[in-house]
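Following: one structure in structure tokens, then a few remarks.
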2 protein chains.
Amino acid sequence: MIESHLLKLRARFPISEEEEAAIRAVVTEERHYRADKTIVRAGEVLGYSTLLLDGLLSRYKDLRDGGRQITELHVAGDFADMHAYTLRHLDHAVMTLSPCRIGIARHEDLRALFAAHPRLHDIYWFFTNVDASIDREWTLSLGRRDARGRVAHLFCELGVRLGLVGMSDETGYDLALTQIDIAECLGLTSVHVNRVLKELRESGIVEFRGGRVEILDRRALEAAAEFDPAYLYLTGPKG
Amino acid sequence: MIESHLLKLRARFPISEEEEAAIRAVVTEERHYRADKTIVRAGEVLGYSTLLLDGLLSRYKDLRDGGRQITELHVAGDFADMHAYTLRHLDHAVMTLSPCRIGIARHEDLRALFAAHPRLHDIYWFFTNVDASIDREWTLSLGRRDARGRVAHLFCELGVRLGLVGMSDETGYDLALTQIDIAECLGLTSVHVNRVLKELRESGIVEFRGGRVEILDRRALEAAAEFDPAYLYLTGPKG
DNA sequence: CGGCCGGTTGAGTGCTATCAAGCTGCGTGG
DNA sequence: CCACGCAGCTTGATAGCACTCAACCGGCCG
């Protein structure tokens with residue numbers, strides 16, 4: 001059930017069988033949600049964190065005029081809101097973008113886990129710091145990359161992150177996003193996203209259609225994005 | 001020496017005298033830097049984290065074309081890179097924007113601190129999560145606020161954060177930023193920042209001149225920013 | 001006194017938004 | 001089985017916010 005999560009952990013840290021068992025024991029419940037459902041509201045006091053087992057989740061914030069910004073996407077294996085363990089309530093909401101399977105880890109159980117396994121305490125801290133790093137990279141995109149670079153960068157990032165859990169390969173990956181979702185990630189309008197996708201497709205760089213990203217020219221894609229995966233900390237703190 | 005930091009901690013959590021002593025013992029060295037000096041380079045392996053005692057620090061990332069994005073500002077009392085404790089090296093650089101006094105906390109000493117005081121382990125995790133929350137709010141600004149809203153929001157945020165350590169009041173605060181720095185925070189050019197500052201000044205909302213922010217009409221400023229300080233988690237996890 | 005950094009202002013450009021219309025695919029209900 | 005409705009995609013025309021280029025100013029420092 002939490003295989004993706006273990007893949008993600010082990011991409012950076014060795015995890016012993018005992019630790020694995022302890023982690024498995026913390027995820028006590030599985031829930032299923034349909035697409036486009038807000039599963040955590042901003043400000044709501046939380047007694048648990050949610051581990052995404054399958055599907056696509058977003059963190060988002062709204063402005064009064066209806067503007068919405070997605071601040072991070074989560075793929076299978078990610079804790080969407082481990083930071084709620086220390087923050088208690090969130091400054092953002094969490095919603096499904098596709099049908100999702102979600103595991104629940106109660107904070108009291110996490111507390112016991114960290115007390116028994118101090119190393120896991122630092123490891124989960126590490127992963128919230130990687131989330132923050134991803135956020136910084138998005139800040140860079142929104143502040144300094146043009147629309148083409150932002151789209152290209154998003155496709156690069158998701159390719160790597162999905163690859164960690166075995167859900168992408170050299171040719172591409174499935175991605176259950178609408179053009180509207182992409183616009184909300186990148187601080188653009190869906191109309192403009194549409195035009196950029198068209199241009200990337202016609203340039204033979206990348207094609208996004210029918211919920212699938214086909215990478216036609218990886219080198220050109222990464223160049224357009226100025227992509228450097230260092231910010232994903234793929235090698236763990238020792239690398 | 002770390003009074004600002006203790007103010008910041010105690011704004012959210014009660015800290016016992018014993019904990020305070022343990023924290024003081026971890027900050028083993030004080031360094032002084034002039035303005036505009038990069039004190040941590042991206043990718044450099046770090047054995048310590050830096051506590052800003054006085055001055056203004058920025059985290060920033062560069063693109064090849066010379067574009068620079070500041071992803072967060074740090075004021076007195078902030079750990080600028082506590083996340084290096086788990087990440088070991090950073091995806092961004094850290095530079096001074098004004099002359100700075102900095103305290104050094106070695107990671108081995110932090111490790112011992114957290115082992116002896118598990119509560120502080122979670123508290124420092126909490127603060128890296130607040131940093132991430134600030135980053136999300138910046139992402140929202142860059143993605144969905146116009147230039148006027150971004151400038152107004154930055155001034156609101158810094159007013160609150162400096163207020164926590166006694167460095168701002170109702171009328172305003174000192175802020176050693178250039179218009180270029182502000183532009184690098186907000187994903188704008190300095191020319192456009194200049195025009196927006198002029199407009200805010202002439203509207204009687206806020207005046208930024210000579211390294212000082214004078215808040216002329218707080219209500220209008222917060223309205224322009226659509227500012228809600230909830231994302232700063234001022235009340236701690238219990239509030 | 002000269003150089004330089006930061007700030008200011010003007011003119012013109014361009015990237016992205018806005019507004020609008022039509023298309024496509026799919027689920028639903030008659 | 002087909003009509004309908006709706007969400008998402010596509011494309012065109014127009015508008016505007018912020019950028020670029022450029023010139024000049026003022027203060028500070030060597």
Side-chain angles (χ1 to χ4, degrees), chain A residues 34-37 56 58 63 65-70 95-99 141-154 175-202 206-214 224, chain B residues 34-37 56 58 63 65-70 95-99 141-154 175-202 206-214 224:
Chain A
R34 64 174 191 277
D36 296 314
K37 180 155 171 47
L56 211 50
S58 66
L63 288 178
D65 68 2
R68 169 172 295 183
Q69 182 63 42
I70 294 176
M95 79 176 283
T96 59
L97 296 177
S98 73
S141 265
L142 292 177
R144 295 294 171 209
R145 279 188 254 257
D146 63 14
R148 186 166 176 273
R150 290 183 213 177
V151 171
H153 196 276
L154 181 67
L175 184 68
L177 288 180
T178 65
Q179 294 182 1
I180 296 169
D181 297 329
I182 293 175
E184 291 177 351
C185 289
L186 301 180
L188 301 168
T189 60
S190 65
V191 173
H192 197 58
V193 167
N194 180 281
R195 293 191 222 274
V196 170
L197 288 174
K198 180 183 178 186
E199 195 255 307
L200 288 171
R201 186 187 328 127
E202 292 179 347
V206 65
E207 180 159 354
F208 178 64
R209 287 182 103 80
R212 180 161 177 87
V213 175
E214 291 288 347
Chain B
R34 63 172 193 279
D36 295 314
K37 181 156 171 44
L56 211 49
S58 67
L63 287 180
D65 68 1
R68 167 172 296 182
Q69 181 64 41
I70 294 176
M95 78 177 283
T96 58
L97 297 177
S98 72
S141 265
L142 292 178
R144 295 295 170 206
R145 279 189 254 256
D146 64 12
R148 185 165 176 275
R150 290 184 213 178
V151 171
H153 195 276
L154 181 65
L175 184 67
L177 287 181
T178 65
Q179 293 182 0
I180 296 169
D181 296 329
I182 293 175
E184 289 177 352
C185 289
L186 301 181
L188 301 168
T189 59
S190 64
V191 172
H192 197 57
V193 167
N194 180 281
R195 294 190 223 273
V196 171
L197 288 174
K198 179 182 178 185
E199 195 255 304
L200 289 171
R201 187 190 325 131
E202 291 179 346
V206 64
E207 180 158 353
F208 177 64
R209 288 183 101 83
R212 180 160 179 90
V213 175
E214 291 288 348

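Every chain is numbered from 1 and lettered A, B, ... according to where its sequence line falls, protein lines coming before strand lines. Reckoned from all heavy atoms, side chains included, excluding hydrogens, waters and symmetry mates. The structure displayed is predicted, hence computed values, not measured ones.
In terms of position on DNA chain C, the residue among A:L188 and B:R201 whose nearest nucleotide sits closer to the 5' end is B:R201. DNA chain D is contacted by both A:Q179 and A:R144; A:Q179 maps to the nucleotide lying nearer its 5′ end (nearest heavy atom per residue).
For the pair B:T178 (side chain) and B:D181 (backbone), a donor-acceptor distance under 3.5 Å is present. With hydrogens and angles ignored, the 3.5 Å screen pairs no side-chain donor or acceptor of B:S190 with any backbone N or O of B:Q179. The main-chain N or O of B:R145 is found under 3.5 Å from a side-chain atom of B:R150 such that the two form a donor-acceptor pair. When atom types are taken as modelled, the side chain of B:T96 and the backbone of B:P99 share no donor-acceptor pair closer than 3.5 angstrom. Of the possible donor and acceptor atoms, none in the side chain of A:Q69 sits under 3.5 Å from a partner among the backbone N and O of B:S141. Put simply, the side chain of A:E207 never gets that close to the backbone of A:V213: no donor and acceptor are under 3.5 Å apart. B:R144 places a side-chain N or O within donor-acceptor distance of the main-chain N or O of A:R68, the cut-off being under 3.5 Å. Of the possible donor and acceptor atoms, one in the side chain of B:S98 sits under 3.5 Å from a partner among the backbone N and O of B:L56.
If you take OG1 on B:T189 and CZ on B:R195, they are separated by 7.5 Å, rounding to the nearest 0.5 Å. The structure places CD1 of A:I182 at 9.5 Å from CD1 of A:I70, a figure rounded to the nearest 0.5 Å.
Protein atom CG of B:D146 is 15 Å distant from nucleotide atom C1' of C:dT18, rounded to whole Å.
Contact check of residues 190-199 of chain B against DNA chain D (heavy atom, cut-off under 4.0 Å) returns B:V191, B:H192, B:R195.
Between A:E214 and A:R212 there is a salt bridge, with a side-chain nitrogen of the basic residue lying less than 4.0 Å from a carboxylate oxygen of the acidic one.
Using a 4.0 Å heavy-atom criterion, one finds that A:G210 contacts no nucleic acid atom at all. Nucleic acid contact for B:R209: sugar-phosphate only, since backbone atoms but no base atoms lie under 4.0 Å from a heavy atom of the residue. Among the atoms of the strands shown, base atoms are found under 4.0 Å from some heavy atom of A:T189. A:G187 comes within 4.0 angstrom of sugar-phosphate atoms only, judged by non-hydrogen atoms across all strands, and of no base.
Note on the helix from C:dC1-D:dG30 to C:dG30-D:dC1: terminal axis deviation equals 30°, with five pairs used at each end and the result rounded to 10°.
From the 5' end on, the contacts that DNA chain D makes with chain A at under 4.0 Å to a non-hydrogen atom open and close at D:dG8 to D:dA13.
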